[in-house]
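Step one of this worksheet: look at the structure below.
Values in this document were obtained by computation on a predicted structure and should not be read as measured data. Heavy atoms only: backbone and side chains are in, while hydrogens, waters and symmetry mates are out.
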Amino acid sequence: VKVTKGVYRLSSEFSKQSPTLGFTDLCRNSIFERDGFRCCECKDAKDQPESLVATHVVPLVLGGGSVLSNGVTLCSIHALIHILE
């Protein structure tokens, strides 16, 4: 649910409908390994793996799947930029 420009809130109805959306732990770990535990934009965060995020290249709402080929490793800064684009 859009709250304001660039701010969204997950509605309880959405989470009830789609409880399994997103990457599985195995897929997320495979994405991180494939990308060398580095952000694909800035090549940073190898020493801080907790700041890495596996995100969808093609968003789920646009038909992208939660599969290895549609995932990319980003640091938290670039993940936020990716969401806002």
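For N70, the side chain to side chain donor-acceptor pair (under 3.5 Å) test picks out no residue, with sequence neighbours left out. When the side-chain contact (heavy atoms from CB on, under 4.5 Å) test is applied to L68, the partners found at least two apart in sequence or on another chain are C27, S30, I31, R34.
The distance from atom OG of S66 to atom CG of L60, rounded to the nearest 0.5 Å, is 4.5 Å. Of the inter-residue distances, the one linking H82 atom NE2 with C40 atom SG reads 11.0 Å to the nearest 0.5 angstrom. The CZ atom of R28 sits 12.0 Å away from atom CG of L52, with the distance rounded to the nearest 0.5 Å.
By the rule that hydrophobic residues join a cluster once side-chain heavy atoms approach within less than 4.5 Å of another member, L74 and V57 end up as members of one cluster.
By the 30° and 60° cut-offs, the orientation of the rings of F37 relative to F32 is tilted.
Checked for salt-bridge contact, R38 and D35 miss the test: no charged N lies under 4.0 Å from a carboxylate O.
Smallest separation of non-hydrogen atoms from C39 and C42: SG-N, 3.5 Å. The heavy-atom pair separating G65 from H56 by the smallest distance is O-CD2, 3.3 Å.
When hydrophobic residues (I, L, V, M, F, W, Y) are linked wherever their side-chain heavy atoms come within less than 4.5 Å, the members clustered with I77 are I81.
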Evaluate the criterion side chain to side chain contact (heavy atoms under 4.5 Å, CB included) for residue pair C75 and E41; output intermediate values, then yes/no. CA-CA 8 Å; C75 64; E41 291 293 324; over 6 Å; no
